[in-house]
Structures are given as structure tokens and as C-alpha cells.
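Sending over a structure as C-alpha cells; questions will come in a sec.
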Number of protein chains: 2
Amino acid sequence: MAREATDGAARPLSTTSVATPTKWVYLFEEGSASMRTLLGGKGAGCAEMTRAGLPVPPGFTITTEACNTFYSQGKAFPPGMWEQALEALKTLEQKTGKRFGDATNPLLVSVRSGAAFSMPGMMDTVLNLGLNDDSVLGLARLTQNERFAQDAYRRFVQMYGRIVLGIDSRQFDEALDAIKKSHGAQLDTDLDTDALKEVVAAFKQVVERETNGKPFPDPIGQLSQAIMAVFSSWMGDRAVVYRNANKIPHDLGTAVNVQTMVFGNMGGGDSGTGVAFTRNPSTGVREVYGDFLLNAQGEDVVAGIRTPMPISQLNSVLPDVYRRFTEIADRLERTYRDVQDLEFTVERGQLYMLQTRTAQRTAAAAVKIAVDMVREGVITQEEALQRVQPDHIVQLLLPQFDPTAKLQAVRDGRLLVTGISASPGAAYGKAILDAGRADELGSSGEKVILVRPETSPDDVHGMIPAQGVLTARGGKTSHAAVVARGMGKPAVVGAEGLLVDPERRTIRVGDRLVREGDWISIDGATGEVFLGEIPSIPPKIEEQGDLVELLGWADQIKRLQVWANADYPRDAERARAFGAQGIGLCRTEHMFMEQERLPIVQQMILAAPDAARTDREVARLRAEVEDAPSGRRSEIERRLKQAEIQRDQAQAPFVDALTQLLPIQRGDFKGILRAMDGLPVVIRLLDPPLHEFLPDHEGLLLQVAELRRNGDPASELADKETMLQAVEGLRERNPMLGLRGCRLGLCFPGINEMQVRAIFEAAAELKKEGLNPKPEVMIPLVGHINELTRVRSQLEETAQKVMQEQGVRIEYKFGTMIEVPRAALTAAEIAQAAQFFSFGTNDLTQMTFAYSRDDAEGKFLTRYLDDKILAENPFQTIDVGGVGKLIRMAVEDGRRARPDLEVGVCGEHGGDPASIEFFNEVGLDYVSCSPFRVPVARLAAARAAATSKAYSTK
Amino acid sequence: MAREATDGAARPLSTTSVATPTKWVYLFEEGSASMRTLLGGKGAGCAEMTRAGLPVPPGFTITTEACNTFYSQGKAFPPGMWEQALEALKTLEQKTGKRFGDATNPLLVSVRSGAAFSMPGMMDTVLNLGLNDDSVLGLARLTQNERFAQDAYRRFVQMYGRIVLGIDSRQFDEALDAIKKSHGAQLDTDLDTDALKEVVAAFKQVVERETNGKPFPDPIGQLSQAIMAVFSSWMGDRAVVYRNANKIPHDLGTAVNVQTMVFGNMGGGDSGTGVAFTRNPSTGVREVYGDFLLNAQGEDVVAGIRTPMPISQLNSVLPDVYRRFTEIADRLERTYRDVQDLEFTVERGQLYMLQTRTAQRTAAAAVKIAVDMVREGVITQEEALQRVQPDHIVQLLLPQFDPTAKLQAVRDGRLLVTGISASPGAAYGKAILDAGRADELGSSGEKVILVRPETSPDDVHGMIPAQGVLTARGGKTSHAAVVARGMGKPAVVGAEGLLVDPERRTIRVGDRLVREGDWISIDGATGEVFLGEIPSIPPKIEEQGDLVELLGWADQIKRLQVWANADYPRDAERARAFGAQGIGLCRTEHMFMEQERLPIVQQMILAAPDAARTDREVARLRAEVEDAPSGRRSEIERRLKQAEIQRDQAQAPFVDALTQLLPIQRGDFKGILRAMDGLPVVIRLLDPPLHEFLPDHEGLLLQVAELRRNGDPASELADKETMLQAVEGLRERNPMLGLRGCRLGLCFPGINEMQVRAIFEAAAELKKEGLNPKPEVMIPLVGHINELTRVRSQLEETAQKVMQEQGVRIEYKFGTMIEVPRAALTAAEIAQAAQFFSFGTNDLTQMTFAYSRDDAEGKFLTRYLDDKILAENPFQTIDVGGVGKLIRMAVEDGRRARPDLEVGVCGEHGGDPASIEFFNEVGLDYVSCSPFRVPVARLAAARAAATSKAYSTK
């Protein structure tokens, strides 16, 4: 059925071709820039230049449609195509006065593939097609260099044999080696003209042998086979794999460009070849920029064998050519409304344009060019935003190594290892192997790199003052990676081969030893780790006026708000300076981790289980008393009294810890609410499993074993044993799926209450100062409406109480993270108790895929990406098909239940441009990302709004 | 809006009541059994008996509608209700010739609540309402016992005060104590008539005091307040909580029954009271069964103060009454078409029926009664299936402790601790603290109970020959619980307070010490653990002919097939005998765990990472060679050759292990396929994280530390270090979300290939024997279609190869577990490569809720259930709102993509009746559960089919 339908759909085309034969071949003068789909990028470029009257060597393009028909008709040229090609070839002969295969004035052509998008795996250029034993004489005459002509001939046969006929290069190499040996030649250049003629003959034999006796084809045969080869390369393995990976459809087809050869290597001072840009692709400055090489063919410039002159020097060498070229460059830029990358050849004083295409550019150039072109009136602001890639912004805002110094380091053999690039930016400092020392040294102003086997929340206090982080284990979403990205701090993680030994204070890489305190440098963008210090160049954000202007335009176009994830006032300030419109995630656990607070937090944790257990026992007995028959009542009352005493004893250290933490947390929240005065700040209640705040289990186990063995008389053993017992009590097989998030609040209600009290007291104090704090309390890891209802009603009570005590009204919200699949699935229910949803896409991705982000990258995710099982890392770019389906469902169901529901995302994906496009499409209100990604997200949000008409503002 | 609508909806009723006043009160003779909703269970029962002409003391029922109107009108009697009640009371007076409150021939009544379903928290019976200082004299005259009358009077005042007026019982107790003291009485029975009169007066004073000076009401006031109290109890805290928890709507309301008192304690030999069943509720035998007590009131029988006579003896004492009663019993059973639980009173030779209701019964009785009644033509087969609860089947198939011996053990103080009931059944044996010894002793025929802190797959070989399993940690879905249930073996887990010390070989409970080898007994149904041996009674399945017949009917009605989860041939045989129609889950990891295989499996695991890594390196270099420019080729070829050597070295131990495992696995599969000849067997490829097959990390760590310290010279340290390194290499923070399932197959393809080869070779051999094996290969933990496509295409190749080698065709399928949320979300894609889906609801629940089943129960799930945050344990009963939504979605999307997709469930839920109802509704093809639950599932599937009309077969 499907097959028939396709055939049926194809029929009208052939029917038309009976009436008006299909046009498969376009002379350059028949095409234009707008015909890119039909003629491919190269063909359309040459056509446009020809149409504009520019000097382009005559040529023609066989359409992408011809390629598609070639495949649909069992790999045969479409009827009439070859005749049209021969017709076009005749036109080239007429235009140039040369003849294909002629011995006196031969027409030589290049044949190139040219799809709408440039693509690896496609057939490359075949030059000098049309050479045979006759026309090689003509080439010798034209270049007045017989050796050159024979050299070109043997190169052509080999190139043709390899590219068009698919013959293994080694066959030619062996034949060449034999001849070199027989002539006693060391190098190719030792061969004279006659020897080269021998090579040509030998190469032709190779072709005949490898093609089962078919002699090397004549020029017409060359052309037909070359076209066939280009078509065939479209379905070559690598091209297909590439298109699959990049989701490019397979039915675009490739065009074939056949173009008259011109020679920049005709000898004399008036031939040459060049490549140039209409503006400086490195700085964006408006100047023609490039290289020119006298007496050379196109490849010579690129190959870099001879040193070319800057294009500006052409003005003194060939002033007419230079003037004509700059005029053309200017004209092409205006036609294409973008910077062009041009190839040209000068043949005996005559300028020929060979290619024009949109130029690649650096981040700085991209921004400058886009903004300049708006100022020049060439493009609109919206177009300017499409010209700058989000990655450009990332680059502009990061410190980078001085390229020369880095190159030198590589040459000096100081590259130690390459790990996973986890958080971009360059950093150097002393390698320090524990968080405590890193904190100490870093805080005293020393530059340190924290190096750990892997990090845990225990290490955060050492990461804060460090220049960068290096770990031996973990992937792009490991703790180290996530925290470092959040801090905008360079990080290399999962550097396998790195043996970090915190006890011996050494790092081993193979047989190299780095001692603690040695200087190292890390490049978080490439994953490279160097021995020694490589100076880095800091970013100059304030100075980047063009960028600031561009982002201003982005803000006008984007629909999504951009918020930031920030745990500290200084991060919030930075985020606001970068344009953040709120804080989408303030994690309170990092506050708990700071060194001086940790002992209080640990006291709280050690006391919590007993406090909760005894509290419940009291409640249970109270209920029992009420229900009890009169006979048993007094006995139960006695037990109740006992239980109350035990409860009070158990509560004491717990309450004491909370009492100490309250003013500290209040201070934290006051700082961040002050920094974001007037803007919303989403504060997440304590979320991680409590064991993260306690010492490592294994370490304790070994210590206790050691102390027991040594018969430690002091209280150290008892303390460690108590701690070990607590750690074991909190241990879980899968902490990610364990006692954390709102489950903590439901098991140990006191902690949440303290936090909410701190938030509202902080807000109240600011309110009294005349500020306008807007706290939004986020309850994490909700999976069932009942969890949210219980926690929220308890906390609303605390909030009301504080506002009453303080005598102020605060604008606030209560909401939840949607990070458990069940929350997304039951969003309609959950929205009834939530004023906002914030998608925690990290965890949602973990649960939806059943991937632990701490384990997956090292264990199998990298492999999945290598093997293309997954096209993208779902922790970086949102998985639209699975996780995205849950998000879409939750947004729709949630809004239906509560039309004014505020919906955002606070996972890592909030700063990822591809994900932002999706978030824009599903109608989120905001994305929240790390402060350093705010500018990126602003641009990405604007680009998404512009492409998605459904949501574009105007 | 909603409120208005409700009011509006209520209006027609009141409008009608103007035309024909609403009837709020029904005399018993005006009702019938079918009016249960309006009259409640008790009211409808009395009405039915009255209608049938049976001797019921006259009475009337105030409707549930009156109760609802009472609430909708601000807690006031509906207009006209009280008048109708008084009217009905007058009718009672006329019928009985007695008068309410009369001093000579007083009418006394009982007042009881009676909702459609019996419900705790509702108001209990008030007897003898209508007593006052006048009527008490009448009562004394009627009973010819003044003391009795006064005692009844003081009891009535107290009961009325407590139940109707809500006065604290202690108030009355204190007053009574004071009078007892003043009379020098020790016991209540020491008080004479006058003292009792004092008590009445004192009690009346208590009432007056506690009700702010209102005197004790007169009979009419008593009646009106009692009715009000019944209505109010409907919205009492406990009743509301109960209805919420059981999802009973709050607008059912309760009825109020007012009935003439009759007196079985009128003295003489012709009064008495009894309770009886129309059949034996314990055995199901068709005989009137119950107790009768001469000269007693209703409560006396239940209270058990005096020993009643068996009902059959009544035949000799009061033969007329007996004959009359058995006739009535028979008639009522026929009317209700089910066994009735009857209450009756004989007042001076006159039989009065007080209550009839459907009788509770034991499991054995339920089956026998249901089957007998079908044989008697009383009920249909379909009805019979509704009369037997799935839990009844569970009970019938389990060994249970001899009740007398168990009671004695409790009395002897041998109950050690009560843990979580994880797998029902009773077992006793020697407590053994490690799997090795349990295996050894158990295999040699000794009865052992394996006692562990918790279990891991390492312990499975010790569980197999054990009678039962006891762990100190873990919840209902812990490893021990799941495996034990799978084996149908009794287990108690999470017995907190149990300190298991495998090193010292002791178990401590508080100050009690159990040494390894001591006898213990566990009851997996109750969680009880006893010291010593309690004999258990084994189940007699074969002998249960009635059950077999009943399940045969179930099979005819059910739509769902019932398959079983079985890892071993013996389990499969058992399952088939229980009626399993296939194996839905054969876990291959348990096969890997058996002691003699474990070393081979460990060799495979230790070798796998290097084998895979070197293999990939070879593949990478091969690709590089192909793409390499000729100049670099030889260098890369050299590296390739080296890599190939390394690969071969690394592969050797890996391939060797697989080669050893192949024949073993082939034998495993042959056994299970043979047992299930002709039926499908779903075999899951290796699934668990590999570290589960290696020694415990902590143990190793401590051992290595110890060996290092002792400067161990032998190779033991080196071996342990190698093992430790391997264990650390495979360690994961969240193994549940890590390298397991199909990820193993994608990282270490050799394992899957070996397994599939073993499956197909086994099937081929059986085929040649003339059997019909139907293997279905299940690829676990798929989350993305690409995973399935890759694994399946590789394995299809192996399957084809084996079939070619063996020269046979095998009927087989490839499919996947749906256990990762993403798989359910993308079921339409996944169905393209899967011939079957099997919902792994254990893992799907874990991921959807983000609950680790290993951690949740101990940490917070029990609490969630206690606090009613979750109504049910989602690991026991499927969460319809969340997990169920995914399942429904996946079934629909999967079937749309592949209409003949086979869909089943193999999680724990497959054996849960409530879940089976859901699986039936969403249209699964089968449920698969542990062999012992197959009969339960057959019944549940039939009940589900019968209730769900959409899917009922006829």
C-alpha cells in the first residue's frame, strides 16, 4: 500500500515530463541563491554570482531532484538527464572556446558534489576532469610546463581512481614506489617528465586491473562516471550515518556541479589564487580579510606549504584585481546579507570567483557582525539573534587559556590527562586533595584546584574558594560537575587514569606523580589537565557593549522569562546583573554544608529519628487513652506520662540544633531576598538524604575497626561508634529513591518548620526596611497530592503565625518541584495544592530513564552516546519523547486544574538552548539556570520565540 | 455554585414532601431486604423477617435519608420525622399492649444505629430505653426481681449518659466507688437493691451536673436524644476517618432502629437467648450451629460469663422452640441465599428473632458453602466465586501453626518479637545465621530457619533448603521478602529489635539471647517469631476437591490468563499443577547464584570489563585504519595488531567462563521448558547489577585492611585486593538506576548471546524429543527503542544461527519488560520491536514513585501508610492513579502500534486481587505471579471478569 502510494505520488512528475521534459540540468546563469534546495549550496552560490554578472568560470549544476530520481529508478540517470548534461557541456565549450578532450585547447572541468547542507562522507572534488593522453598536451602548452601537466595527469588518474572508482590508494602507492625504486628516486619530486609518463601508464594499468579490464575512461566516460559517483556517495555509509545522527532527511539528494577549470598556476606574476572573508571572521571588523598566493592552485593556499600574502597586499601587486575583488566581496555580502567566505582564482590577470558561502566566525566576531549589520540596516534585530549561537555567548563569558601558552604546554609534554569536560572555563592553581585544606588555602587568597576521587556535598566548602575542580570519577552530571556548573567554576571530571590518593597526598597518572601543592591547570571546555601553570585570560563582560545590546533585543523578543539557580546572595547578585528575572532554585542544603554549621546540622540529624519516634509514641498513646475502656485507662496514662518524659529528652538536642540554625538560615534568606528585591525567589526546603551531611560510612567503618583494635581508651571510639550507628541508620541502597525531599519533612517536621520560619522572618524584616521580598516556598520530591497537602498546610500555619507575630503581610507562594514521574502523571491533582510547578528535570530524567546520574555516565551513558543508542545526553538536552511527554502532560493538566499556575524549570536543562526551545514550545513561564548561563538562556529564549510562531510575541 | 447545585438537587424532594409528605419512618412490616440503602442492614433484616411473618419484636426504622436531611438542614430533625416516629411508637404500644414509661406494663425499646455497611465508630446499642422511676417498677414486676430491675436501671443511666450524652465514664465510676465505700462493698454484686437505688440517684446527679443542670430525661426525651446521638455519630471523628480510609461516601447516612425489648432473662426455664448460624461457619457443614443460654439477655451469650449450651441441645429443652427456630433459619437462608448469622430471644416460651445478617466464615467454610450452594441450586457458579475471597484461598494453601500450640507458646512467654509479615505460612527450625550452613544443614534434611540481618542474592542458596527466613532489616519488598514469596516460603522481615550477629553466632532480643542452632518458629502471616518449636499443619491441596471445582468454574469465567513466575523446573511444575497457563517470568540470575556456579560467574564478571574495553578498542582502530590517510596507515595497523593481542588475552577468561556456563544454562532452560511443554515460558536475560554476584564491599574492605596490617605474605591479600578492585569498579550509588538490565547486554554482549544460545539449544533438543517448547526471550530494563532494536537484532542472529545448526524451527518471541517509565511513555515506538510487553510493576512502581523498595518500607513507607498519606502500599496493590496511568497508556499505545502484542504483568502485583481487577480492566492478556498465588489469581481474575461487564465472557 505504502509503496503504491509513493509510486502514485511520483507519477505526476513523469507525466509532466512527457508534456514538458523535466529540467535536470541548470547552467549557472539559469539559477539563483534561492534555488539552494534544487541546486545545493555550491551550485546556488555559483548561480547567484553568475546572475549578478560576476566573473564565474562557466559551469552547470545537475539537480538534487536528478539524484533522487536516480535512486527511485534503480540507480539509473533519469531519462534526458545525460543529454541535458552533454548539451550544457557544449554550451561551456562555446563560451570558453575550448573543447573537452582537445589536444590544443582542452576544456577541463571540476566535478563536485553539493547538497543543501554541507555534509561529511560526500564525494569530494575531482579536478582536471577531461585529461587524457591528448588533452595533457594541451595542458602542457597552456601552462608552458610539461612536467607540471604530466604530474597533474598522474594525480588526476589516481584521484579519479580513488574517488570515482573506489580503488584502494595503496594500489597506486605500490605502483609509484616501484617506479621510484627503478629510477632511484627518493621523493616524488625526484621524478622527471618521462618517469611521470611511466607513472601515468602504470596508474592506468592499475585502474584497468581493478575494474576487471576496463581501460581508463575517455573524458566523456570520466564525466558520466563522476556524476554517477557523486550520486552514489549520497547513500554511502558515512553519509547515511551522519544524516541519521543529525536527523537530516535522506530524500534531500545531492546536486552535481560541473565547472570549467581555471588555472592560478599558469606561471608569471599575474596568476594566483586566494580565499578571503568579507569581514574579519576572528574579530568581526569590517575589512576584507584573507590570503592570496601567487602562481598557485586553490588547494595550495589551504595546504599551507607556501606562505601566502595577506589579501590587502594584493592591492600593491595586482591593484585592478584587488579593486574588482573588494567590489565583488561587498556586493556578495549585501546580496547574502551576511559575511561571505570566498574562493577565487586569478588566471593571467583575469579574476574568477569560484565559491561564495556564509563564513564561519568566532564568538566575538559573531556578536560584532550581527550588531554591526543591524546598525548598518542590513539585517533586523531578530535576524541578528539568529546569527549568534548560544555557544558563542558561553565562550564570550568564560576565562580561557592564553592559546600560545597552552600550545607550549602541549609541546612541553605537560598534558597529563584528558577527562570529561564538565564545566567550561580555564583555571590553574595548586592541586589540593581535600576540601578542608582547599577551603583554608583558597580563602586565604591562594589559587587552588580541588582534586578529589569524586566529590560529595561534604566537599562543597572546598569548592567555593577553589579556582576549579578535578575528579577522577563521575560524569557530566556528577555532583562535582553539577555544583561546579552552578558556581560557573571550571571543572574536569571522570579523568580516568588519574589515581587520587588523599591519604598519601599524591596524584598518579601512569608513571607520573603529582604531589599535593604542585601547580596544575585545567580546561573545563576540553577536559584537558596540565602540569604547571598556564595563564588564563579573564572574560570582560562589562566591556562587551555589543553583547549587552544584542541581549537587550533578545529580551524584547523572548516570551520565556529567564531566572537563575543561586544558593548565595553573591550568586543572586551576579545572576541579576546578567539579567535574571528571579531565582528559580535556591538550594538550602548548600547553606547547611558550610563548615561552621555542619556540627549543628549533624546534631540535628543525630537527634531527629528519636525525636520523631518519641513524638509519635506520645501521639499514639494519647489516642489510645481516649479510646480506652475505663479499666485500662490509668495504665495507659501512666505509659503516656513516661513517653512524654522520653519525648522531651529526645527532643531537647533536636530543638536545640534547630534553635541555633534558625538565625543562621534567616540571615541566608535575608541576603538572597535582598539581592532579588522585588523579584520572585523560589526557596527549596531541605532535600538531600541526611547521610550526605554525615561522614562517609566506609571511612568511619575503618576508623572504628582501627580504634577497636588499638583498644582506644578515650571517648573517641564511643563518639565514632555513635556516629557510625547514625550513619548506618540512615544508609540506603538507593539514596536517590530514598528518604529525602518532602519525605524528610513528613518524617521530621521540625526542620521544615524552622526553614519556613526563617524565610518568613527574613522577608518580614526586609519588608520593614521598605523592600519587597517575594519568597516562593518549594516542597521537593512530591509524588502524591497527600504529601503536598500535609506539608503545605503545616507550613502555611507557620507562615501565618510569623506574619502575625511580625505584623506584616508578605507576597508569597507555596509550590512544588515536579521531579518524580508520578507527580507529572497526577499533575491535575497536585496543582490543586500547588501555586507553582518547577520541573526538576535532572531527577525527572533520572527516574524516567532509570539512570542514576552519579553512575550512568561512567558506566554506560558514554557508551550509549558513542554507539548512538541515544542521540543526545538526556541530562544535557531534554528528552522530548519521554521526559518531555511527561512535562507536556503535566503543564496541560496542571494549567487545566489551576489556570494561573506558575510553571518553570530549574534543572540543568534550563540553560540548554535546545531544551529551551522545547520549554518555550510547551508554554512554560520561565527557565532557571546557573547565573553564568543566564545570558545564553536569554538569547536561546529569544531565538525559540522567533522560530516558534505559535508563541512569538508579535 | 456547587453548593447551590446540591441545594437545587435536594429541592424536588422537599417539593414532593409538600404534595405527599416524605416518609422518614418505616415500621418493620413496611420494609424489606431490598431496602438496605434506605433502612440500613439491621433495619432491612428486621423488616424482611417481619414481612416473612417471622416473630420479630415490633419496631420501626428511621431512614438514612432522614440522617442526610438532618445534616443538610443544620442538624435538625427533618420536618415531620419526629411526628412519624411518635406515630410509630404508638403503633408499637398498640401491638404490644404496653405503654412507654408505664409503671405497670412498660414498653421498653432498644435504639441502634444501622448503616448499609457495618462500620466502627458508629453508635452502639442502647438497651432498655424507656426506663424511669415509674417504669423500673414495671420491669421489677415483669422480671419478678427488684434488684435486677434496679441494676438494669443504673446500667441504663450510665450507658445512656456515656453513649448518648457523651459523659466520661469515670464520672460514673467515681460515684459508684463512693457508694460502694459507704456500704463497705468490694464488688458491684455486694450492693443490695437499696444501694442500687442510691447509685441510680447518684448517676442521675452526674448527668444533671455534666449537662449543665438538665435533669435525666423522661422516656420521650430519651428517645429523641438517642435518635439525635445516632445521627451525630455518623459524622464522628472515627467514623469519618474510617470512611475516608475505605473510600465509603459520606452521604450514605445511617438509619436508626427502635425496637421493642423482649426479655430472655424473665426467669424460669422457658426464657433465654441465643446466637446461631444456618450452617457451620467454621467447616461449612450444613447444620444449624450456635449457642443458647437459658435465662439470659443477648449480651450474656457473647460475654461468655456463663457457658451456653450448643443449639442442638435446645431440641431437648424447648423442642417446639427448636423446631420453630430451625424452620426459620432454613427459610432465612433461602431468602438471603447465603448463610445467616441469627440472634434470637425466647421470652417465656415465645421465640423472637432479633437480627439476621450474612455470616462471617472461615476459608474452608467459604469454599464448601459456595460449592454446596451451587450443587443445591441455590446460587450460580458466578455467585459462588463472589462468595469466596482471594484471601481465603491463600489461607487454604498455607501451612499454619496448630492454634493450641501457638496459644500455649504465647502463654509461656516464648513470643520473641513481631516483625513484618512478608510471606505467609508457618515454619519452625534451627536458627542458622549464614547461607552456607543453612544450605548444608537444610540439604541434609534438617529443618532450619535462615536468620540474617538482611539478605542478598548471595543468600539465596541458603534460602532454598530452609523452612523459612527471618531478617532484622528490610520491608515487604526487600530481597528476602520477594524471594521468599517467590518460593512460597514463610518469611518475617524487618524484625526491629532483633540484633543478628553472624560473627558471634547469636541473636539478641532485648536481654534475651538465642544461639545459632536453637529452635525458633515464625509465622509469616502475622510476623510473629517464637522461641522453640511450634508444630504446623501442612496444607492438603489435593484433598480440597471443593476448591478444585470452584477454581474450575473460575477458569471458565475469567478472561485473563494466569501465568506464574518460576525460576526452577520444580517451581514450574508446581505452578502448572496449580493451573498456571505459562511462565511469565523466569529469572536467570537465581540460576547464576547457585553455589557451584558462582565462581564461574565471578570469573566472567571480573573479566567482562576488560574484554569489552579491548574489543571496542579493536573496533575503533579498525575503523581508523579504513579512514586513515595512506601515510598514517601502517602505524595504525601496528597499533591494531597490538590491540588485537590484548583483546584476545582479555577475552580468554571471559569466553572461558561463558563456555562453562553455556551447558549449565542449557540444562536449566531445558528443565523449565520441559515442565511447561506446549505453554509459553518468558525467560528474562540477566538483569541485576553484577556486583550482586560478588562479595560484599564493606566486608572486603575490612578484610583487606586487616590483611595489609598483618603484612599477609600469602596470595590471599592479592586475591582480595583484585576482588576489592572489581567490586569498587562495579560499585554504584544507586544500583537500581545503574548498570543492569539490557545495559549489561549492551556493554558486555557475550553474556546475552550465551543465554540465548542456551535457550535455543535447550528448545531444539526438546523439539527433537517431540516436545513443543515455546520460549519467549525477555530483554529487561528497556527505556529506549534503540536499546531493544540493538539487543534484539544481535540476539535474533544468535537464535537463527542455533536453529540452523540444529535444523529445527522453534516457536519463539522476543519482547521486553516495561519497567522504566520512559518505556511506558514511548510504548508506541517500543512495540515496533517487541512481540510482547511484560509490565515489571515492581520497578515501574519504584521509578514512578521514586521509592527504592529496599529502603522505603523501613524508612518512610510504613509511616506513609500509618498516616494515610498513601491508602495502600503501592508495592502490594497497583497505584492506579500514577503507575496505572502509565500502564494504561502503554497498553493502548503498544496495541495501536502492534495489534497482536502480547501484554502481561510479572511484578508482585500479578498475584494481588485488587491489582488483578485493574489488569483485567485495562485489557492485559495475562497476570503472572508466584506459583503459590496462582489459585488466588485464578479466582481474582474470574471475580474481576464477572464484575467488569465490559470484559465478561458471556
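Here is how names work: the chains are called A, B, and so on, in the same order as the sequence lines, proteins then strands, and each is numbered from 1. Values below: all heavy atoms of this structure, side chains included; hydrogens, waters and symmetry mates excluded.
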Worksheet item: Any idea which heavy atoms bring B:Leu702 and A:Ala705 closest together, and the distance?
Response: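 So the minimum-distance heavy-atom pair works out to CD2-CB, 3.9 Å.
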If one checks every heavy atom of B:Leu730 against chain A at 4.5 Å, the contacting part turns out to be backbone
* Asked: Should the heavy atoms of other residues, nucleotides or ligands under 6.0 Å from CD of A:Gln725 be counted, would the total exceed 12?
  ->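 12 or below, so no.
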*asked:* If you count heavy-atom pairs within less than 4.5 Å of chain B, which of A:Arg790, A:Met847, A:Met889, A:Glu819 leads?
replied: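 Among the listed options, the one with the most contacts to chain B is A:Arg790.
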Residues B:Arg743 and A:Asp867 bridged, charged N to O under 4.0 Å:
no
Of B:Ala856, B:Ala850, B:Gly783, the largest count of non-hydrogen pairs under 4.5 angstrom with chain A goes to B:Ala850
In terms of heavy-atom pairs under 4.5 Å with chain A, the winner among B:Lys859, B:His697, B:His784 is B:Lys859
Any heavy-atom pair between the side chains of B:Leu746 and A:Arg863 that's under 4.5 Å?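 Not in contact.
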Task: Side chains of B:Leu886 and A:Arg822 in contact at under 4.5 Å (non-hydrogen atoms) - done: no
Original post:
Do you know which of B:Ala824, B:Cys747, B:Gly881, B:Gly738 has the most heavy-atom pairs under 4.5 Å to chain A?
Top reply: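 Looking at each option in turn, the highest pair count goes to B:Cys747.
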For A:Arg170, is there an ion pair with B:Glu637 - N to carboxylate O distance below 4.0 angstrom?
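Looking at A:Arg170 together with B:Glu637, the answer is yes, because their closest N to O distance falls below 4.0 Å.
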* Asked: Between A:Gly741, A:Pro821, A:Pro609, A:Ala823, which residue shows the highest count of heavy-atom pairs closer than 4.5 Å to chain B?
  ->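 Option with the top pair count is A:Pro821.
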Side-chain donor/acceptor of B:Asn734 to backbone N/O of A:Met736, under 3.5 Å: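 Judged by distance alone, yes, a pair lies under 3.5 Å.
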Open item on the list: I'd like to know if B:Lys885 and A:Asp893 make a salt bridge, using a cut-off of under 4.0 Å between side-chain N and carboxylate O.
Closed with: yes
Margin query: Suppose we screen for side chain to side chain contact (heavy atoms under 4.5 Å, CB included). Which residues come up paired with B:Ala833, at least two apart in sequence or across chains?
Written below: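 B:Ala833 satisfies side chain to side chain contact (heavy atoms under 4.5 Å, CB included) with B:Ile785, B:Leu788, B:Thr789 once adjacent residues are dropped.
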Q.
Is any side-chain heavy atom of A:Phe860 closer than 4.5 Å to one of B:Leu739?
A. yes
One should read off an interatomic distance between A:Leu781 CG and B:Phe849 CZ, to the nearest 0.5 angstrom, of 12.0 Å
Looking at B:Thr826, B:Asp168, B:Val883, B:Leu701, which makes the most heavy-atom pairs under 4.5 Å with chain A?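 Sorted descending by pairs with chain A, the first entry is B:Leu701.
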Under 4.5 Å to a heavy atom of chain B? For A:Arg473 that would be neither
Determine, for B:Glu454 against A:Arg733, whether the closest basic-nitrogen to carboxylate-oxygen distance falls under 4.0 angstrom. yes
**Request:** State, with a plain yes or no, whether a side-chain heavy atom of B:Leu870 is found less than 4.5 Å away from one of A:Asn786.
**Result:** no
Results of side chain to side chain donor-acceptor pair (under 3.5 Å) for A:Asp843 - residues two or more places apart only =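 A:Arg740, A:Gln846.
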